[in-house]
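Single-structure report; data block below.
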Amino acid sequence: MEKTDEMRINQTGTDKSVTDRTGADPAYAKLLKCCETVRRWTDFKPKVAIVLGSGLGDYAEQIRVETEIAYSVIEGFPVSTVPGHAGRFIFGFVDEVPVVCMKGRVHYYEGYPISDVVLPVRLMKLLGAEILFLTNAAGGVNTTFHAGDLMMIRDHISVFAPNPLVGTNIDELGVRFPDMSTVYDKELQEVIVKAARENQIYLQEGVYAQLTGPSFESPAEIRMLRGMGVDAVGMSTVVEAIAANHMGMKICGISCISNLAAGMTAKPLTHEEVQEAADMAAPNFKKLLTESVKKMVAL
Ligand code: HPA
């Protein structure tokens, strides 16, 4: 059945002026408006979109920067409230590869609608990025992991986080029922494994689960996750991967294991400790990111 404007408005309960102007879903209208604003500042076309997690905030130092755009100048763009997540897009080159890098991301636990949480990833795809490189700090659930390990994400568990595709499907972005059997691209995984091997960086591999946070998990929840086959747990990444997969991006991801998850050590978890551990692992994390992205020039 054809969707009429009236039906869209009734489904989403949004203000008619937004739908009327573009004839689109409000989340899509907002996305297009953000894209238009960025395009007023730069015509840079990135190949790889990089989302920087905790500990990687100063990764911009590895980039030959062309231009930077503060999120705050993009009307409607979600701006993080978490200390250490100050936000801007950095456009430039890692070696010969054109990249856009997100310094700072918003998390669902900050109270943003899930469509806002995934808006930045969608925007980077509209700006031209074909590859999405997700990074985060995560708690190690696998008992063989240590704080400071890097883990390449092989697959994820999304059932504890809201699905960003709930609601009217934005047909312009992708299909209603996207396949999820290979979210993390095999070829990109090979690139990362090769980069790690060539640079003697020890690399774990595994399944990442996103929970909403902001509270850390309980020991019982960690035991449950381990039983489900989860290797690392965090509060980001999966919803972004779902939105990017919907749009047909090639996706890869690395978690920095900043701590062993709740109940695995005697110590209580604090945000500061997670941040400190992520900072300590940062040199290897940055090296692996740079060496992997360099190899993506050939893809
Ligand atoms: N749990 C959830 N998110 C996290 C953790 C954790 O232990 N460490 C870093 N981010």
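Counting starts at 1 for both ligands and their atoms, following the listed order. Numbering of residues begins at 1 and proceeds along the displayed sequence. Only this structure's heavy atoms are used, side chains among them; waters, hydrogens and symmetry mates stay out.
Aromatic ring centres of Tyr184 and Tyr208: separated by at least 6.0 Å. The aromatic ring centres of Phe93 and Phe44 sit less than 6.0 Å apart.
When side chains are defined from C-beta on, Ile69 does not count as touching Arg88, because their heavy atoms never get closer than 4.5 Å.
Counting protein heavy atoms only, atom 3 (N) of ligand 1 is closest to Gly234 CA, 3.4 Å. Among all non-hydrogen protein atoms, the one lying nearest atom 4 (C) of ligand 1 is Val233 O, 3.8 Å. Scanning all protein heavy atoms for the shortest distance to atom 5 (C) of ligand 1 gives Gly139 N, 3.4 Å. Considering only non-hydrogen protein atoms, atom 10 (N) of ligand 1 sits nearest to Ala137 O, 3.4 Å.
Within ligand 1, counting atoms from 1 as listed, the ones closer than 4.0 Å to a heavy atom of Glu217 are 1 (N), 2 (C), 6 (C), 7 (O). With ligand atoms numbered from 1 in the order given, ligand 1 contributes 8 (N), 9 (C) to contacts under 4.0 Å with heavy atoms of Val274. Of all the atoms in ligand 1, the ones that sit under 4.0 Å from a non-hydrogen atom of Met235 are 2 (C), 3 (N). Below 4.0 Å from some heavy atom of Ser258 lie the following atoms of ligand 1, by number and element: 8 (N), 9 (C). In summary, the atoms of ligand 1 found under 4.0 Å from a heavy atom of Leu269, numbered by their order in the structure, are 7 (O).
Grouping the Ile, Leu, Val, Met, Phe, Trp and Tyr side chains by contacts below 4.5 angstrom, directly or via other members, places Ile170 apart from Val175.
Contacts of Asn259 with ligand 1, taken as heavy-atom pairs under 4.0 Å, involve the side chain alone. Residue-level proximity to ligand 1 for Asn136 is absent, since no heavy atom of it falls below 4.0 angstrom. If you look at Ala262 next to ligand 1, there are no close heavy atoms at all, none under 4.0 Å.
Distance alone, capped at 3.5 Å, is enough to place a donor-acceptor pair between the Arg226 side chain and the Val141 backbone. Between the side chain of Ser255 and the backbone N or O of Ile257 there is no donor-acceptor pair closer than 3.5 Å. Side-chain N or O atoms of Asn245 include one that pairs as donor or acceptor with a backbone N or O of Asp179 at under 3.5 Å.
Inspection of the Ser236 and Tyr108 side chains reveals no N or O donor paired with an N or O acceptor under 3.5 Å.
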